[in-house]
Amino acid sequence: MKSKMSFVLFFAVCFSLTAQITIDYSEIPMNAGLSWATCGDDSATVTVGTLGGPQTWNFTYLATMDLAHHRLITPSSAPSFSLFPTATKVEFIQDELYSSDSEFIYFEIIPSSFRTLGFEYIDPTEHIVMSIDQMQFDLPLDYLDSTNFYNFDTMFDSGPMVTTMETRIRAIVDAYGTVIIPMGSYPCLRIRQMETTISTMYFNSVPVYVDTSYSIIYTWLSENLPELVNITSCENDTNLYFTVADYTDMFAQFTGVEEEPVEETISACFLSRGQGNNYVLAFENAENALFELVDLSGRKIKEQRISGSGSLRIDTESSGVFFVRVRGKNIDFSGKINLF
């Protein structure tokens, strides 16, 4: 036993000494105003490599025209900053610029640690905020560093029906080497996340449906750059060396940087069905925006100016399909509702 343990320690120390990089606090992009694009693809054939290193990953074959847009914003301007008041970095993501679908990732990054606090998703039909109980790496980040993640959320609660989601992740810096993408060649560390998610549906507190899913996520990181590559396995594929990815995402290019970014307040709208035959339009940080309700013929049924943050009940004396429009300085929102 003693000789085996000595070998393991020697093996780990040798790999640590030969690792190409470590990533410390000063090498993590943090400045509000920095923006970049990533390209993504579904169902791609991939070569994720093995454990350890040094090794070389060539992902130039993943380049696509399916772009997502990323921007670092002033944390206090994010919609749910009050829920994550220790956030020092917020990443704002849209598949299309100025679309009504948005994602925010809240981080707390200090010289000694890197922590993911939570996620926020906003689209025309829902607004989801998910906090994270644990997801912290110590800094500087190095080969063989690891962390655990656990989260439990009630995702849907309506009368007797309740749906919960329990997520566990084990994350480890499991490899290092050089990653090659169309933007260039970079020394990197690779993080592997093993994720288990259990979704449970209850009726009157009795579980009536349980679904357990598994996935593997690989992320390649380098110094002074956003995440270079993310590769996610197909659901329930537990092979560490899977060859078919459910989704890939790769750094494509920097698109801008503001040396003195103006603090921006993010505006958003989302629709949800209310009690009875009506919908509720929730809005955040609107500035003299115009709400319109239009029927299928294009006839305007209702209109109203809205400002600030709040909600608006939508109903009519008529039934049918209607379109909701909200236009303002930082809002360009459209949605469809069915009133009966």
Side-chain angles (χ1 to χ4, degrees), residues 15-73 89 91-97 103 105 107 109 114 137 139-145 171-193 216-233 241-243 245-259 261:
F15 268 112
S16 180
L17 290 175
T18 57
Q20 292 168 307
I21 63 168
T22 61
I23 300 176
D24 62 29
Y25 174 77
S26 66
E27 294 161 339
I28 299 173
M30 294 279 290
N31 293 334
L34 181 68
S35 61
W36 66 96
T38 59
C39 56
D41 198 8
D42 298 320
S43 302
T45 300
V46 296
T47 302
V48 298
T50 57
L51 306 180
Q55 54 186 298
T56 299
W57 299 272
N58 188 333
F59 292 122
T60 53
Y61 61 89
L62 293 179
T64 72
M65 296 302 294
D66 185 11
L67 295 180
H69 304 273
H70 304 246
R71 181 157 53 96
L72 300 184
I73 64 173
K89 173 179 175 177
E91 185 174 338
F92 174 41
I93 306 170
Q94 292 181 304
D95 288 337
E96 297 180 10
L97 285 175
E103 176 183 353
I105 310 176
F107 302 96
I109 304 176
F114 181 109
F137 278 102
L139 292 175
L141 186 67
D142 202 352
Y143 176 60
L144 296 180
D145 287 351
I172 182 171
V173 183
D174 73 333
Y176 63 92
T178 301
V179 65
I180 303 171
I181 61 176
M183 282 292 294
S185 175
Y186 307 95
C188 66
L189 299 173
R190 185 183 74 180
I191 297 177
R192 183 184 78 237
Q193 298 181 58
I216 303 170
I217 304 170
Y218 286 110
T219 300
W220 283 260
L221 300 174
S222 192
E223 299 167 329
N224 302 306
L225 290 164
E227 295 176 357
L228 294 180
V229 181
N230 287 288
I231 297 178
T232 303
S233 71
Y241 312 114
F242 61 86
T243 57
D246 181 59
Y247 189 74
T248 66
D249 187 56
M250 182 172 64
F251 173 66
Q253 59 180 329
F254 283 115
T255 54
V257 59
E258 300 174 23
E259 294 183 1

Between Thr56 and Thr178: side-chain donor-acceptor atoms closer than 3.5 Å
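No, no side-chain donor-acceptor contact under 3.5 Å.
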Quick one: does any side-chain atom of [X] pair with a main-chain N or O of [Y] as donor and acceptor, under 3.5 Å?
X      : Y      : answer
Asn58  : Thr60  : yes
Arg71  : Gly256 : no
Gln55  : Thr50  : yes
Ser222 : Pro187 : yes

Of all the heavy-atom pairs spanning Ile109 and Lys89, show the shortest one and how long it is.
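Of all heavy-atom pairs spanning Ile109 and Lys89, the closest is CD1-CD, 3.6 Å.
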Closest non-hydrogen atom pair between Ala171 and Gln193, with its separation
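Result for this residue pair: CB-CG, 4.0 Å.
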Identify, with sequence neighbours excluded, every residue that meets side-chain contact (heavy atoms from CB on, under 4.5 Å) alongside Asp66.
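Here the qualifying residues are Thr64.
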Taking side-chain contact (heavy atoms from CB on, under 4.5 Å) as the definition, give me every residue that meets it alongside Thr47, ordered by chain and number, with sequence neighbours left out.
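Testing Thr47 for side-chain contact (heavy atoms from CB on, under 4.5 Å), a comparison that skips the adjacent residues, returns Tyr61.
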Show the numbers, then the answer: is there a side-chain contact (heavy atoms from CB on, under 4.5 Å) between Leu51 and Arg192?
CA-CA 10 Å; Leu51 306 180; Arg192 183 184 78 237; 3.4 Å; yes
Show your working on side-chain contact (heavy atoms from CB on, under 4.5 Å) between Ile28 and Leu139 and close with a plain yes or no.
CA-CA 10 Å; Ile28 299 173; Leu139 292 175; 4.0 Å; yes
Any side-chain heavy-atom pair from Leu189 and Ile21 closer than 4.5 angstrom?
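When only atoms from C-beta onward are counted, Ile21 and Leu189 do touch, with a gap below 4.5 Å.
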Would you please classify the geometry between the Trp57 ring and the Trp220 ring as parallel, tilted or perpendicular, with 30° and 60° separating the classes?
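Ring orientation, 0 to 90° scale: perpendicular.
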